[in-house]
Amino acid sequence: MSGLVRTAHRVIQTCVKNSGLTGALVSRTQAPVKRDFTRGIWHMSCSKRLDSTSAGSSLLHNHSNTCSCGCGLKAMHTKGERELVEFLTEEIVAERKAQKVKAIPTELDGFKVQGDGAEVVLTKQLKDEVIKITFNVNHTVDSDDMGEGDVQQEKQEFAEMRSKPQFEVDIIRGDSTLGFTCSFLQDPPPSTTDEYNDIFGIDEVTLYKGEWSDKVYAVAGDVLDGYLYDLLMNLLEEKGIGNEFVQKLSDFSTAYEHAAYINLLETMSKFTIGK
């Protein structure tokens, strides 16, 4: 549908050198720090060191010593490659240990799940229509409860990293599609009544026949009549897309993104080794 604007969360990656480590550790915090545990938690202290594991050394010894530098890895001839593999091996072990969902579900509240790389499509067949939800997990990970000041530091130390993607909702009837672009609210208003404390909002609405093109008109959610906006939110909830479902969507997206991250680390390690 129109207006698929992937809102990239600011991701700051800082490399910190430490003479006791084999390489630079990457963190997504806003100041140079070292990450002792996994990407699943943010470690805000610079006083601790990454515990070494035997995984890195075991990987080295599992390969025949074909490199002239004596690193023990096939097709590897630089110190940087060896250090990268050592770190990746430890990181993979730690991330797998922290992984909450080991197997990605194939269904979510009646929606069939289909993943293709970073993109996920959820579909549900109703009587006379199809509900289709599409989102991409790239650049969707952020930390919960992030704030400013010393008061937030302890809370941030172990804040969970969650995926909150912008998502498309298409209600398809025949050759017509009523499409919504939705996103998580960054700062939900203080709850007066839990019933109306939405965790997501409508960014854009469009209606078209056949295939979408740039000629299709779309209207931004923030310029819609307030009553019409509420009615459209009610319509989404009637189709099963309310606060509870969207929270589950975030849980699923978090697990899916984490699995994709671990897969990236593993393929990066294999690439560096030369497999």
Side-chain angles (χ1 to χ4, degrees), residues 1 3-12 28-29 38-42 95-96 98-124 131-147 152 155-171 179-191 194-204 221 232-264:
M1 63 169 283
L4 181 58
V5 181
R6 305 291 181 190
T7 306
H9 293 286
R10 184 174 62 179
V11 177
I12 303 177
R28 293 187 179 183
T29 55
T38 67
R39 205 182 54 135
I41 54 179
W42 283 27
E95 292 291 342
R96 284 206 171 277
Q99 194 174 21
K100 294 181 178 180
V101 179
K102 304 301 181 182
I104 302 299
T106 58
E107 186 173 307
L108 180 65
D109 270 18
F111 284 86
K112 294 182 179 179
V113 175
Q114 182 177 2
D116 183 9
E119 186 168 274
V120 178
V121 178
L122 310 177
T123 55
K124 178 191 287 187
I131 310 298
K132 180 180 178 182
I133 303 174
T134 307
F135 61 92
N136 191 297
V137 299
N138 285 342
H139 313 299
T140 63
V141 174
D142 204 349
S143 175
D144 280 348
D145 298 321
M146 291 302 291
Q152 294 291 330
K155 182 179 286 188
Q156 292 177 22
E157 182 171 348
F158 296 105
E160 181 183 8
M161 298 186 74
R162 295 188 58 83
S163 173
K164 297 180 179 180
Q166 188 176 65
F167 56 96
E168 305 281 337
V169 180
D170 292 332
I171 303 175
F180 300 84
T181 301
C182 301
S183 60
F184 287 81
L185 298 178
Q186 297 298 318
D187 298 301
S191 177
D194 293 338
E195 183 179 358
Y196 299 106
N197 192 22
D198 295 320
I199 66 172
F200 75 102
I202 298 172
D203 297 335
E204 190 176 84
L232 292 173
M233 288 291 289
N234 290 342
L235 175 64
L236 288 174
E237 187 168 10
E238 288 179 350
K239 302 301 179 182
I241 306 166
N243 280 348
E244 183 178 353
F245 173 80
V246 171
Q247 181 60 50
K248 291 180 180 180
L249 185 147
S250 176
D251 295 339
F252 173 88
S253 183
T254 299
Y256 188 91
E257 193 277 343
H258 194 189
Y261 176 69
I262 293 173
N263 181 66
L264 174 63

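In what follows, residues are counted from 1 in the order of the sequence shown. Because the structure is predicted, anything quoted here is derived from the model rather than measured.
- Nearest heavy-atom pair across Leu122 and Val113 is CD2-CG2, 3.5 Å.
- Taking 4.5 Å as the limit, some side-chain heavy atom of Val137 sits within range of a side-chain heavy atom of Ser253.
- Within 6.0 Å of NZ on Lys132 lie no more than 12 heavy atoms contributed by other residues, nucleotides or ligands.
- Using a 4.5 Å heavy-atom cutoff, the side chains of Asp251 and Arg162 are in contact.
- Closest approach of Gly179 to Asp170, counting heavy atoms only: CA-OD1, 3.6 Å.
- Closest heavy-atom contact between Leu235 and Phe180: CD2-CZ, 4.3 Å.
- Remark: Asn243 CG to Asn197 CG distance equals 7.5 Å, nearest 0.5 Å.
- Counting heavy atoms from C-beta on, the side chains of Glu244 and Lys248 come closer than 4.5 Å.
- Closest non-hydrogen pair, Thr140 versus Asn136, comes out as CG2-O, 3.2 Å.
- Listed here is the closest heavy atom pair of Glu95 and His258: OE1-NE2, 2.7 Å.
- No donor-acceptor distance shorter than 3.5 angstrom exists from the side chain of Lys164 to the backbone of Ser183, with no hydrogens or angles considered.
- Around atom CD of Gln247, more than 12 heavy atoms belonging to other residues, nucleotides or ligands sit under 6.0 Å away.
- Side-chain atoms of Ser250 come within 3.5 Å of backbone atoms of Ser163 as a donor-acceptor pair (strictly under, hydrogens ignored).
- Atom OG1 in Thr123 sits 9.5 Å away from atom CD1 in Ile133 (nearest 0.5 Å).
- One distance of note links CZ of Phe252 with CZ of Phe135; it measures 5.5 Å at 0.5 Å rounding.
- Distance check, rounded to the nearest 0.5 Å: CZ of Phe245 to CD1 of Ile199 gives 11.0 Å.
- Summarising the geometry, atom CG belonging to Leu232 is positioned 5.0 Å from atom CD1 belonging to Ile202; distances are rounded to the nearest 0.5 Å.
- Using cut-offs of 30° and 60° on the angle between ring planes, the pair Phe184 and Phe167 is perpendicular.
- Between Leu236 and Cys182, the closest side-chain pair of non-hydrogen atoms falls below 4.5 Å.
- For Lys100, the side chain to side chain donor-acceptor pair (under 3.5 Å) partners are Glu160, not counting sequence neighbours.
- Nearest heavy atom pair, residue Ala118 against residue Asn138, reads CB-OD1, 3.3 Å.
- Taking CD1 of Ile131 as the reference point, atom NZ of Lys124 lies at 8.0 Å (rounded to 0.5 Å).
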